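Atom set for the values below is all heavy atoms of this structure, side chains included, hydrogens, waters and symmetry mates excluded. All values reported here derive from a predicted model rather than from experimental measurement.
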Amino acid sequence: MAQNLILVAIVLFLCLMAEKLSGKVGMPALILFMGVGMLFGSDGILRIAFDDYGLAQNICLIALCFIMFYGGFNMKWSAARPVAVKAICLSTIGVVVTAGLTAVFCLVVLKFDFVDAFLMGAVLSSTDAASVFSVLRTKKLNLKDGTASILEMESGSNDPVAYLLTMIGIMMKTGGSLSSLPYMIFAQVVFGLAIGAAAASLGILLLKKGTMQAAGMDMILVTALVMIAFGLSEAIGGNAFLTVYLMGILLGNSNIRGKETLIPFFDGMTGLAQIVLFFLLGLLSFPHKLPQIFFVSLAIAIVLTVIIRPVTVFLIMKPFKCSSRQCLMISWAGLRGAASIVFAIMVIAASSSSSDTLFHTVFMVALLSVAIQGTFLPFVAEKLKMVDDSCDVRMTFNDYKEASEITMMQMEIPEGHNWENRLVKDVSMPTGSLAVMIKRHGETLIPGGDTRILAGDTIVLSVPAYESGGQEHLEEQEISPKHRWCNKTIAELMLPHGTLIVLVRRGNENIIPNGQTEILEGDHVVIYR
């Protein structure tokens, strides 16, 4: 037991070191996680013999479950909404077209039999969310014309379709009756969506109405809901990946309690899931078998990257009048990764007659994709002039918080206020605060200690940033044009008992509101419940 714990700790430390190294060598960390797994595997230093595809499938599915959930939970819908139709077309029609063209290439050129060609197309049809998210975030690579949001949403939402195609391929491989195919497709889509929406609704209800006594219970609650939703969807024939992805989108873009703690928790959990997933895939591989399938894998990788992906992207994106530069950028960013390898593992685990050739072929294709496409993604973006330096790519995620060196607070001085007719140096300012300006009759004054405060003045204070102690339930809402609070005063809102608007952030100003404060489009409203 002690040796196993130490071994696991060593693996985690090596993966963390690999992530730091990736920033220096310019190679995505995920491929280095695979390398650590191969180092420990049957052909590596420790020669750990591991070929249990059933166990590997179960572990990988759990890891993918949380990666998919967090992909939805951390996707900022306000950034994704303008490009949602394009992304969904890529993640549905694009997956089917990619699978079909890949299958045709494997069938006609590489002389695969029909079922194996179909399976190769199915498992390689989706782009990998973990790889795409990792490259965009670690390289801080924002792309023009909403391209980063398209890639994030496409890679996060196309696994369900690839999973469905893989299940159809497994049915053909294992001799299952295709007469049940229509119901299977119906169950995958309908049950997957229904359970995802129901689980998200339950989570929103519990996180809004319930009160956890101990810190951290919200994280346990959401973790349990994710696992229940995934398991229930899988049990009744729904698309479990669709379930948790939809659940993540609905929860992550809802006004729920404790989001500021849920996001870093699931960010860390997803990081661990990626380490486990890519390490296990490396451990499961047999490097001495890779030369046997190298040229086949290279041919598939080249055709997929240079022909099939661009044809698919141009076919789908050109009707939306997207530029050729954007289409080429999306084409190059179609990384294959862990999801494809996990689907290959599912095929081998489900069919006793399957060899591990499919796994190693897909493994090598994913390895080449992440290593070459992932490494050169920033270079290609620069050459295509698609890099957007005007904003941070992290703004497309829910965990983005704009850094501010100073927090401003606006304070009105009505007649009768205890600061009226007093000098700035004589009033009792909040601890750590400083009066930085006074607005008086349309003029802006820079106050000194001897400046007298008059009725009608608006004093702008710099105050220390607030740090929550973890006991308060503070939420922040962005006011959109269609928000029911937009253009209404706080007195008109009829807030529930126990709910208070404590701050209105408008541009660079923080306004302490009263009943007559009007909520405007673009405001960020901080609510205490």
Does [X] reach the side chain of [Y], with side-chain heavy atoms less than 4.5 Å apart?
X	Y	result
Leu90	Ile150	yes
Phe66	Val244	no
Asn239	Val189	no
Arg309	Arg336	yes
Glu154	Cys89	no
Ser125	Phe343	no
Val502	Val525	no
Phe278	Ile341	no

So does [Y] get a backbone contact from the side chain of [X], meaning a donor-acceptor N/O pair under 3.5 Å?
X	Y	value
Trp419	Ile453	no
Lys144	Lys385	yes
Glu420	Gly416	yes
Arg422	Leu454	no
Glu492	Thr489	yes
Arg452	Leu423	no
Asn74	Tyr70	no
Gln326	Asp145	yes
Ser126	Asp159	no
Asp523	Leu520	yes

Query raised in the report: Any side-chain donor-acceptor pair under 3.5 Å between Thr127 and Asn158?
Result: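 Judged by distance alone, the side chains do pair up.
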Requested in this report: Tell me yes or no: between the side chains of Thr451 and Lys425, is some donor less than 3.5 Å from an acceptor?
Outcome: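 No - no donor-acceptor pair under 3.5 Å links their side chains.
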**Report entry** Any residue meeting salt bridge (charged side-chain N to carboxylate O under 4.0 Å, His left out) with Lys488, in chain and number order, not counting sequence neighbours
**Finding:**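 Salt bridge (charged side-chain N to carboxylate O under 4.0 Å, His left out) check on Lys488 returns nothing, list empty.
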Query raised in the report: Of all residues at least two apart in sequence or in a different chain, which pass the salt bridge (charged side-chain N to carboxylate O under 4.0 Å, His left out) check with Arg440?
Result: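 Only Asp457 meet the salt bridge (charged side-chain N to carboxylate O under 4.0 Å, His left out) criterion with Arg440.
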At what distance, to the nearest 0.5 angstrom, does [atom1] of [X] lie from [atom2] of [Y]?
X	Y	atom1	atom2	answer
Ile501	Ile527	CD1	CD1	6.0 Å
Cys60	Leu280	SG	CG	4.5 Å
Ile316	Ile88	CD1	CD1	12.5 Å
Leu64	Gln274	CG	CD	10.0 Å
Leu377	Leu151	CG	CG	8.0 Å
Ser233	Leu193	OG	CG	9.0 Å

Minimum heavy-atom separation for [X] and [Y], please, with both atom names.
X	Y	answer
Ala339	Asp128	N-OD1, 3.1 Å
Leu225	Ala199	CD1-O, 4.5 Å
Cys327	Cys322	SG-CB, 4.1 Å
Ile204	Ser254	CD1-OG, 3.1 Å
Gln373	Ser331	NE2-O, 4.1 Å
Pro447	Ile438	CB-CD1, 3.9 Å

Report task. May I have the step-by-step check of side-chain contact (heavy atoms from CB on, under 4.5 Å) for Asp450 and Val424, ending in yes or no? Result -> CA-CA 6 Å; Asp450 295 327; Val424 169; over 6 Å; no
Query raised in the report: How are the rings of Phe241 and Phe230 set to each other: parallel, tilted or perpendicular (split at 30° and 60°)?
Result: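 Plane angle over 60°, so perpendicular.
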Report task. Please work out which of the three classes, parallel, tilted or perpendicular, describes the rings of Phe186 and Phe191, given edges at 30° and 60°. Result ->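 Aromatic pair Phe191/Phe186 classed perpendicular.
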Please say whether more than 12 non-hydrogen atoms of neighbouring residues, nucleotides or ligands are located less than 6.0 Å from [atom1] in [X].
X	atom1	value
Lys383	NZ	no
Phe379	CZ	no
Met227	CE	no

**Report entry** Pairs where residues 436-455 contributes a residue and the test ring-ring contact (aromatic ring centres under 6.0 Å, His included) is met, not counting sequence neighbours
**Finding:**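 Matches after skipping sequence neighbours: none remain.
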Report task. Give the C-alpha distance, both sets of side-chain angles, the deciding distance and a yes or no for side-chain contact (heavy atoms from CB on, under 4.5 Å) between Leu143 and Ile330. Result -> CA-CA 10 Å; Leu143 303 171; Ile330 294 172; over 6 Å; no
Query raised in the report: What do you reckon, are the aromatic ring centroids of Tyr245 and Phe69 less than 6.0 Å apart?
Result: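 Not under 6.0 Å, so no.
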Query - Working for side-chain contact (heavy atoms from CB on, under 4.5 Å), residues Val436 and Leu461 - result: CA-CA 6 Å; Val436 295; Leu461 304 175; over 6 Å; no
Query raised in the report: Can you check side-chain contact (heavy atoms from CB on, under 4.5 Å) on Thr147 and Met386, steps first, answer last?
Result: CA-CA 9 Å; Thr147 305; Met386 285 296 295; 3.3 Å; yes
